[in-house]
Amino acid sequence: MISVEEALERILALVPVLEPVEVPLLDALGQAVAEDVVSPLDIPPHDNTAMDGYAVCAADTAGASEASPVTLRVVGELAAGYVSDRSVEPGTAVRIMTGAPMPPGADAVVPFEETDEPAGHSFGAFAKSRDVVGILKAAQPGANIRRAAEDVRRGQPIIPKGTVLHPAQVGVLASLGMATVRVHRRPVVAILSTGDEVVAPGQPLRPGQIYDSNAWSISAMVLENGGIPRRLGIAKDTVDALTAKLREGLDADMLVTSAGVSRGDYDVVKDVLAKEGEVDFWTVRMRPGKPLAFGSFASGGRRLPHIGLPGNPVSSMVSFELFGRPAIYKMLGRSDWPRPRVRAIADEPIENSDARRVYARAILTHREDGRWHAALTGPQGSGILTSMAFANAFAIVPEDVPLVRPGDEVDCMLLA
Ligand code: AMP
Ligand code: MG
């Protein structure tokens with residue numbers, strides 16, 4: 001039996017970072033950029049006004065006040081999106097709207113509020129009605145100007161390789177004029193359920209049968225973590241049936257099976273992996289999820305990693321959380337898989353009967369005492385999927401701690 005850390009290390013050693021692909025900007029949300037993004041331009045591209053008002057020569061406005069306004073001749077108007085064909089000479093001004101490039105010659109913008117222009121004129125109408133403006137307050141050089149490149153300089157590294165794109169960063173890329181960005185290809189994860197008793201949801205259930213939940217919970221986790229699930233269906237518990245189904249997944253980036261890895265008579269996943277591929281390990285010192293087969297198949301000149309999850313629905317999800325999710329992240333070029341952890345007060349006892357690491361399904365709440373508290377989600381059997389369904393954390397009991405008592409502190413890993 002190997003430790004959780006060693007198991008993860010061995011899995012990640014076999015999982016490659018996938019090649020970069022160019023994708024439309026929005027498809028890159030939540031993906032890691034595959035290379036440093038360097039700005040191809042200045043943002044803003046030109047000096048422009050931060051206010052609606054008048055572009056002026058600041059020196060003209062010296063001494064201006066409500067009592068003695070400075071009168072300037074208005075020589076033009078400029079909306080955002082246009083460039084002035086006139087310079088602002090001393091004694092003149094250009095009426096200008098937020099975002100419009102500064103006209104040559106002007107070195108400050110006086111907002112409407114600091115002029116005698118009455119409120120409420122629509123663009124264009126005022127210029128026709130009057131060709132002078134009174135400035136009521138002196139402007140300093142540079143006032144209300146947004147400088148070219150004050151946000152981003154051309155050639156500046158903006159988003160380092162490996163950054164997982166958030167909405168603001170998608171916006172930054174768009175502001176650089178980029179319609180596409182290079183990210184690591186999403187891994188295709190082939191998912192196969194095994195077991196003579198397992199039936200697909202939607203089918204009638206005969207005596208002795210159960211519905212396949214693992215393929216669905218695992219597919220959902222693959223999807224949620226940025227991978228592309230490809231469900232291969234259900235294989236019977238025979239070497240031949242399993243081998244045939246597995247072959248359908250050999251062109252995926254990772255193969256995930258559930259069940260058939262314990263010591264029962266029909267647990268053939270390990271046998272097939274040993275015969276057709278290479279077994280790396282098959283037990284991990286944890287609860288739930290001790291039986292976990294990991295290995296690889298030769299496929300198209302590469303080694304295709306195979307995680308053989310245990311069949312019990314909770315075990316398979318806990319194992320996939322601890323090992324499958326980091327594997328997907330690595331393929332996506334991400335290193336941010338460790339979940340946040342907090343110390344919490346255990347509200348009930350958590351037992352550890354055989355020196356494994358226990359991942360108890362817990363509901364973590366922040367209470368009036370200012371502390372996090374961990375309550376279990378009910379019976380902790382590895383077949384009780386509802387214990388997982390309402391957990392927001394794993395309360396983790398170390399291998400060498402036989403019992404966490406109510407009131408003890410316990411390490412919790414946040415799931416959401
Ligand atoms: P096994 O690992 O084959 O011994 O399976 C352990 C337990 O998990 C058994 O009770 C199985 O019936 C159950 N099980 C196996 N596969 C699935 C599945 N795809 N969905 C739900 N339960 C399963
Ligand atoms: Mg079985």
Side-chain angles (χ1 to χ4, degrees), residues 1 7 189-224 227 229-246 248-249 252 254-277 279-295 306-325 354 356 359 361 377-391:
M1 248 193 316
V189 179
I191 297 163
L192 177 65
S193 298
T194 73
D196 287 359
E197 77 280 32
V198 180
V199 186
Q203 301 295 313
L205 203 61
R206 304 222 165 75
Q209 297 183 323
I210 57 162
Y211 283 122
D212 175 11
S213 61
N214 291 344
W216 300 90
S217 54
I218 301 306
S219 294
M221 289 173 92
V222 167
L223 205 54
E224 189 175 66
R230 198 214 293 166
R231 284 175 301 101
L232 301 179
I234 300 166
K236 293 279 181 204
D237 282 324
T238 67
V239 169
D240 287 348
L242 193 59
T243 306
K245 278 282 186 192
L246 279 183
E248 291 173 30
M254 186 162 78
L255 204 55
V256 177
T257 57
S258 79
V261 286
S262 13
R263 287 162 186 262
D265 282 353
Y266 302 97
D267 291 331
V268 292
V269 169
K270 251 180 357 224
D271 300 343
V272 172
L273 182 57
K275 191 165 138 262
E276 303 277 313
V279 181
D280 189 322
F281 62 81
W282 55 278
T283 40
V284 182
R285 188 181 295 282
M286 60 186 275
R287 175 195 293 275
K290 177 168 115 185
L292 179 84
F294 178 69
H306 170 210
I307 301 181
L309 300 171
N312 277 307
V314 175
S315 314
S316 80
M317 284 195 79
V318 172
S319 304
F320 195 80
E321 163 63 32
L322 296 180
F323 306 114
R325 182 172 170 276
D354 58 357
R356 292 190 250 162
Y359 292 86
R361 279 75 67 205
T377 50
Q380 295 287 304
S382 58
I384 300 176
L385 187 53
T386 48
S387 77
M388 184 72 198
F390 297 101

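Just so you know, ligand 1 is whichever comes first in the structure, and atom 1 is the first atom listed for that ligand.
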Mind checking whether Glu276 and Leu246 have side chains closer than 4.5 Å, heavy atoms only?
-> no
Verify, without hydrogens or angle tests, whether [X] (side chain) and [Y] (backbone) share a donor-acceptor contact under 3.5 angstrom.
| X | Y | result |
| --- | --- | --- |
| Arg361 | Tyr359 | yes |
| Asp237 | Gly260 | no |
| Asp212 | Val198 | no |
| Thr194 | Ser258 | yes |

Name the one of Val318, Ile307, Val261, Leu322 that satisfies side-chain contact (heavy atoms from CB on, under 4.5 Å) with Leu292?
->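 Between Leu292 and the candidates, side-chain contact (heavy atoms from CB on, under 4.5 Å) is satisfied uniquely by Ile307.
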Go ahead and list the nitrogen or oxygen contacts between ligand 1 and the protein that come in under 3.5 Å, distances to 0.1 Å, or just say none.
{"unit_1": "ligand 1", "atom_1": "2 (O)", "unit_2": "Gly260", "atom_2": "N", "d": "3.3"}
{"unit_1": "ligand 1", "atom_1": "2 (O)", "unit_2": "Ser262", "atom_2": "OG", "d": "3.4"}
{"unit_1": "ligand 1", "atom_1": "2 (O)", "unit_2": "Gly311", "atom_2": "N", "d": "3.4"}
{"unit_1": "ligand 1", "atom_1": "3 (O)", "unit_2": "Gly260", "atom_2": "N", "d": "3.1"}
{"unit_1": "ligand 1", "atom_1": "4 (O)", "unit_2": "Ser262", "atom_2": "OG", "d": "3.3"}
{"unit_1": "ligand 1", "atom_1": "8 (O)", "unit_2": "Gly311", "atom_2": "O", "d": "3.1"}
{"unit_1": "ligand 1", "atom_1": "8 (O)", "unit_2": "Asn312", "atom_2": "N", "d": "3.2"}
{"unit_1": "ligand 1", "atom_1": "12 (O)", "unit_2": "Glu197", "atom_2": "OE2", "d": "2.6"}
{"unit_1": "ligand 1", "atom_1": "14 (N)", "unit_2": "Gly311", "atom_2": "O", "d": "3.3"}
{"unit_1": "ligand 1", "atom_1": "19 (N)", "unit_2": "Asp212", "atom_2": "OD1", "d": "2.8"}
{"unit_1": "ligand 1", "atom_1": "19 (N)", "unit_2": "Asn214", "atom_2": "ND2", "d": "3.4"}
{"unit_1": "ligand 1", "atom_1": "20 (N)", "unit_2": "Ser213", "atom_2": "N", "d": "3.0"}
{"unit_1": "ligand 1", "atom_1": "20 (N)", "unit_2": "Asn214", "atom_2": "N", "d": "3.3"}

